[in-house]
Amino acid sequence: QVQLVESGGGLVQAGDSLRLSCAASGITFSRYTMAWFRQAPGKEREFVATVSWSSGSTYYTDSVKGRFTISRDNAKNTVSLQMNSLKPEDTAVYYCAAQSSKTYYLGFRNLRGYEYWGQGTQVTVSS
């Protein structure tokens, strides 16, 4: 049974930092591209960041570049998202997701390209 379990969310003030973690089980973690998405109230789920299986490539949505850093530890089957200089517009439920090579053709920003999802963790940034 595949499980992706996020942790680390919370309520912080603008300018603070948070570190989200996602622990994976039931998959050969090193074979999956991992990503973080987020969904704010009343909005569609959107891509935030992705890291390739080898950590050789990372990509970010423009609004978080320079503030967020995605990383992974294949030995521990975890992927993390370090979020600095948080803004109220970063408020959302954050989800980690896993993409296998079967759906690479859909691209890393496409939700449909991800086979497995976590349950999400709430991040709330107050002004």
Side-chain angles (χ1 to χ4, degrees):
Q1 181 183 0
V2 178
Q3 281 193 312
L4 300 179
V5 180
E6 301 97 335
S7 61
L11 172 62
V12 297
Q13 293 186 332
D16 286 350
S17 298
L18 274 178
R19 185 176 181 85
L20 306 183
S21 293
C22 173
S25 60
I27 58 173
T28 305
F29 183 75
S30 61
R31 294 182 181 176
Y32 284 77
T33 291
M34 298 300 295
W36 288 93
F37 287 75
R38 65 187 180 186
Q39 188 167 17
K43 295 188 177 181
E44 295 185 349
R45 193 170 299 188
E46 64 172 359
F47 168 79
V48 176
T50 187
V51 58
S52 64
W53 64 273
S54 65
S55 300
S57 298
T58 57
Y59 298 95
Y60 300 89
T61 193
D62 285 347
S63 62
V64 308
K65 285 180 181 176
R67 300 188 298 122
F68 291 11
T69 303
I70 189 171
S71 61
R72 66 188 295 161
D73 184 337
N74 287 343
K76 296 182 179 180
N77 287 4
T78 58
V79 59
S80 298
L81 186 68
Q82 178 66 43
M83 305 186 295
N84 299 329
S85 302
L86 283 161
K87 303 175 180 180
E89 51 263 43
D90 294 319
T91 295
V93 178
Y94 284 71
Y95 299 89
C96 72
Q99 181 186 44
S100 74
S101 60
K102 293 185 295 185
T103 55
Y104 282 173
Y105 71 95
L106 292 174
F108 56 80
R109 297 178 185 272
N110 190 335
L111 278 72
R112 294 184 297 119
Y114 291 83
E115 296 175 63
Y116 303 110
W117 293 83
Q119 83 289 349
T121 186
Q122 176 70 46
V123 172
T124 303
V125 184
S126 63
S127 58

Engineer: Taking salt bridge (Lys or Arg N to Asp or Glu O under 4.0 Å) as the definition, give me every residue that meets it alongside Arg72, ordered by chain and number, with sequence neighbours left out.
Structural biologist: none
Engineer: Considering only residues two or more places apart or on different chains, which pairs with a residue in residues 42-68 satisfy ring-ring contact (aromatic ring centres under 6.0 Å, His included)?
Structural biologist: Phe37-Phe47, Phe47-Phe108, Tyr59-Phe108
Engineer: In a table with atom names and distances, give each donor-acceptor pair under 3.5 Å that connects a side chain of residues 11-31 to protein atoms at least two apart or in another chain.
Structural biologist:
{"unit_1": "Asp16", "atom_1": "OD2", "unit_2": "Gln13", "atom_2": "N", "d": "3.1"}
{"unit_1": "Ser17", "atom_1": "OG", "unit_2": "Asn84", "atom_2": "OD1", "d": "2.9"}
{"unit_1": "Arg19", "atom_1": "NH1", "unit_2": "Gln82", "atom_2": "OE1", "d": "3.2"}

Engineer: Taking only residues two or more places apart in sequence, or in another chain, which ones meet Thr33 in a side-chain hydrogen bond (donor to acceptor under 3.5 Å, both in side chains)?
Structural biologist: Tyr104
Engineer: To the nearest 0.5 Å, what is the distance between CE (Met34) and CG (Leu81)?
Structural biologist: 11.5 Å
Engineer: By the salt bridge (Lys or Arg N to Asp or Glu O under 4.0 Å) test, which pairs, at least two apart or in different chains, include something from residues 46-58?
Structural biologist: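 As it turns out, the salt bridge (Lys or Arg N to Asp or Glu O under 4.0 Å) pairs with a partner in residues 46-58, which skip direct neighbours, are Arg38-Glu46.
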Engineer: How about Trp36 and Val79: do any of their side-chain heavy atoms sit closer than 4.5 Å?
Structural biologist: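 Heavy-atom side-chain distance check passes, below 4.5 Å.
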Engineer: Decide whether Tyr114 and Tyr95 are clustered together by the hydrophobic rule: side chain heavy atoms of Ile, Leu, Val, Met, Phe, Trp, Tyr closer than 4.5 Å, transitively.
Structural biologist: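 Both belong to a single hydrophobic cluster.
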Engineer: Do Met83 and Val123 have side chains that approach each other closer than 4.5 Å (heavy atoms only, starting at C-beta)?
Structural biologist: yes
Engineer: What pairs of residues pass the salt bridge (Lys or Arg N to Asp or Glu O under 4.0 Å) test when at least one of them lies in residues 108-126, not counting sequence neighbours?
Structural biologist: Lys102-Glu115
Engineer: Give every residue pair that meets the salt bridge (Lys or Arg N to Asp or Glu O under 4.0 Å) criterion with at least one member in residues 51-64, sequence neighbours excluded.
Structural biologist: Asp62-Lys65
Engineer: With sequence neighbours left out, what residues match Glu89 under side chain to side chain contact (heavy atoms under 4.5 Å, CB included)?
Structural biologist: Lys87
Engineer: Is any side-chain heavy atom of Trp117 closer than 4.5 Å to a side-chain heavy atom of Arg45?
Structural biologist: yes
Engineer: Could you report the tightest heavy-atom contact between Ala92 and Ala40, atom names first, then the distance?
Structural biologist: CB-N, 3.8 Å
Engineer: Quick test of your reading: applying disulfide bond (SG atoms under 2.5 Å apart), list the pairs with at least one residue in residues 31-66, sequence neighbours left out, ordered by first then second residue.
Structural biologist: none
Engineer: Could you tell me which non-hydrogen atom of Gln122 sits nearest to which non-hydrogen atom of Val93, and how far apart they are?
Structural biologist: OE1-CG2, 3.2 Å
Engineer: Answer whether the closest heavy-atom distance between the side chains of Glu6 and Tyr94 falls below 4.5 Å.
Structural biologist: no
Engineer: With Gln99, which residues qualify under side-chain hydrogen bond (donor to acceptor under 3.5 Å, both in side chains), at least two apart?
Structural biologist: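 Scan of Gln99 (side-chain hydrogen bond (donor to acceptor under 3.5 Å, both in side chains), adjacent residues dropped) gives none.
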Engineer: Hey, what's the ring geometry for Tyr116 with Tyr32, parallel, tilted or perpendicular (30° and 60° as the breaks)?
Structural biologist: tilted
Engineer: State the CD1-OG distance between Ile70 and Ser57, to the nearest 0.5 angstrom.
Structural biologist: 11.5 Å
